[in-house]
Amino acid sequence: MSTLPRAAGVAVTHPKIPGFTEHRVAVDDGVTLHAAVGGTGSPVVLLHGFPQTHLMWRHVAADLAADHTVICPDLRGYGASDKPAESGPEVYSKRTMARDVVRLAEALGHDRFTLAGHDRGALVAFRAAMDHPDRVSRALFLDILPTLDMWNALHGVSGAVGFHLYLMAQPPGLPEQMIEAAARPFFASFLDAWTGTPDAIPAEVREHYLAASAAAVPSIVADYRASAGVDVEHDTADKEAGNRLAMPVTVLQQDWGAALGYHAQSLWSAWSADLRHRTVSCGHFMAEEDPGMIAEEIRALVRR
């Protein structure tokens with residue numbers, strides 16, 4: 001891999017986080033991430049979920065910037081970051097995407113950082129914490145189970161809530177064609193169904209999410225396809241080896257277990273000895289629905 005350059009500021013046209021500067025950082029051969037950076041102090045990296053971009057952290061990031069350096073990237077394949085072709089399963093494995101995040105932080109001058117992720121970003125954060133415990137000092141995961149546990153939890157008719165996981169797990173071709181044929185309604189359906197507080201995502205931000213996702217169908221599908229293959233292999237190898245998260249961990253999630261028949265805290269306890277697990281009442285997009293609570297949970301995690 002070529003030597004990584006320092007981050008360079010760049011003008012962008014999407015909605016911005018007030019007070020943050022926009023950067024493009026090379027993290028792999030032919031792959032550059034877009035990131036918003038603001039604040040000063042100990043570093044916190046925030047990873048977005050689906051079908052969103054780094055902008056989902058706008059309220060939390062602005063809050064945390066009072067006492068932290070906050071780094072909000074668009075993941076590989078999303079938003080304004082590069083979207084390499086899916087030439088093999090590793091291109092969008094969470095291991096590769098986690099390595100992107102570590103290299104991004106390093107290029108910005110941070111060898112060790114607190115890492116928080118939501119949804120897809122939380123799966124990337126999980127893999128980063130597993131693979132790079134020397135870099136990730138603390139980890140917060142919003143509304144996920146680890147990939148291996150997620151697939152094991154989806155069963156019977158209750159598992160229909162995850163229909164998109166099965167659709168995008170199929171071989172290349174048909175999933176992309178089906179989603180591209182109705183991309184905006186497809187992505188809008190998740191914003192509508194998963195938001196407990198509809199006005200938490202204003203029209204301008206919603207439009208940004210829909211436009212960004214519709215422009216990234218092949219790479220978003222590739223990200224999900226990896227979670228039905230190579231990501232399961234990586235989680236299984238860690239499970240069989242007895243590997244666990246080495247840092248303090250906080251998990252916040254809705255009570256999906258009540259519907260799908262699992263006990264979330266027990267599943268997470270198998271991965272972490274230093275765990276704070278909390279069930280929350282807001283919807284899936286909790287960083288936008290209750291940003292004050294999320295910011296305080298991150299600060300509490302940093303103090304542990």
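Sequential numbering from 1 along the given sequence is applied to the chain's residues. Because only heavy atoms are used, hydrogens play no part in the values below, and waters and symmetry mates are left out as well, while side chains stay in.
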Side-chain heavy-atom pair [X], [Y] within 4.5 angstrom cut-off:
X: L115; Y: R138; value: no
X: V37; Y: V70; value: no
X: L46; Y: V44; value: yes
X: I294; Y: W57; value: yes
X: V249; Y: V251; value: yes
X: T279; Y: Q254; value: no
X: M293; Y: C282; value: yes
X: L191; Y: P51; value: yes

Is the distance from the ring center of [X] to that of [Y] below 6.0 Å?
X: W256; Y: Y262; result: no
X: F187; Y: Y209; result: no
X: Y224; Y: F50; result: yes

Using modelled atom types only, decide if a donor and an acceptor are shared between the side chain of [X] and the backbone of [Y] within a distance under 3.5 Å.
X: S213; Y: L210; result: no
X: E289; Y: T197; result: yes
X: H68; Y: G41; result: no
X: D143; Y: D119; result: no
X: S81; Y: G77; result: no

How far does [atom1] of [X] sit from [atom2] of [Y], to the nearest 0.5 angstrom?
X: F141; Y: L275; atom1: CZ; atom2: CG; result: 9.5 Å
X: H164; Y: I220; atom1: NE2; atom2: CD1; result: 11.0 Å
X: I201; Y: E207; atom1: CD1; atom2: CD; result: 13.0 Å
X: D149; Y: D235; atom1: CG; atom2: CG; result: 7.5 Å
X: D74; Y: T53; atom1: CG; atom2: OG1; result: 5.0 Å

Check ion pair [X]-[Y] (N to O, under 4.0 angstrom):
X: R127; Y: D231; value: no
X: D28; Y: R103; value: yes
X: R303; Y: E296; value: yes
X: R244; Y: D238; value: no
X: D192; Y: R206; value: yes

Can you list the steps and then say if M97 with D223 is a side chain to side chain contact (heavy atoms under 4.5 Å, CB included)? CA-CA 9 Å; M97 296 170 79; D223 167 29; 4.0 Å; yes
Side chain to side chain contact (heavy atoms under 4.5 Å, CB included) partner of H118, the single match among H284, H48, E288: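 Answer to the side chain to side chain contact (heavy atoms under 4.5 Å, CB included) test with H118 among H284, H48, E288: H284.
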Run through R99, R95, K94 and flag the one making a side chain to side chain contact (heavy atoms under 4.5 Å, CB included) with V124.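 Of the listed residues R99, R95, K94, the side chain to side chain contact (heavy atoms under 4.5 Å, CB included) partner of V124 is K94.
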Taking every non-hydrogen atom, the tightest pair across [X] and [Y]:
X: K16; Y: L55; result: C-CD1, 4.1 Å
X: V60; Y: A287; result: CG2-O, 3.7 Å
X: R76; Y: L33; result: N-CD2, 3.7 Å
X: L64; Y: A295; result: CD2-O, 3.8 Å
X: P133; Y: R112; result: O-NH1, 3.0 Å
X: R225; Y: Q170; result: NE-O, 2.7 Å

Do [X] and [Y] have side-chain N/O donor and acceptor atoms under 3.5 Å apart?
X: T96; Y: S93; value: yes
X: H234; Y: T236; value: no
X: H277; Y: Q253; value: yes

Take L252 and T250 through the side chain to side chain contact (heavy atoms under 4.5 Å, CB included) test and state the conclusion after the steps. CA-CA 7 Å; L252 307 176; T250 295; 4.1 Å; yes
Between Y166 and L154, does the side chain to side chain contact (heavy atoms under 4.5 Å, CB included) criterion hold? Intermediate values first, please. CA-CA 10 Å; Y166 293 94; L154 292 173; 3.5 Å; yes
Check the pair F113 / I71 against side chain to side chain contact (heavy atoms under 4.5 Å, CB included), numbers first and verdict last. CA-CA 10 Å; F113 51 89; I71 302 167; over 6 Å; no
May I ask you to check if R58 and F20 form a cation-pi contact, with NZ or CZ under 6.0 angstrom from the six-membered ring centre and within 45° of the axis?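 No, R58 does not sit over the ring of F20.
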Derivation of the side-chain hydrogen bond (donor to acceptor under 3.5 Å, both in side chains) call for S227 and R120: CA-CA 10 Å; S227 287; R120 307 306 295 174; 2.7 Å; yes
State yes or no: do L145 and V230 share one hydrophobic cluster built from I, L, V, M, F, W and Y residues joined by side-chain heavy-atom distances below 4.5 Å, directly or via other members?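 They do not share one cluster, since no chain of ILVMFWY contacts under 4.5 Å joins L145 to V230.
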Would one find more than 12 heavy atoms of other residues, nucleotides or ligands at under 6.0 Å from atom CE of M247?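 Correct, the count exceeds 12.
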Parallel, tilted or perpendicular, judged at 30° and 60°: which one describes the rings of H54 and H34?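 Correct class here is tilted.
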Any idea how F190 and W194 line up, ring-wise: parallel (<30°), tilted (30 to 60°), or perpendicular (>60°)?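 Tilted, since the angle between the ring planes falls between 30° and 60°.
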Give the intermediate values and the outcome of side-chain hydrogen bond (donor to acceptor under 3.5 Å, both in side chains) for residues W271 and N243. CA-CA 8 Å; W271 292 101; N243 297 333; over 6 Å; no
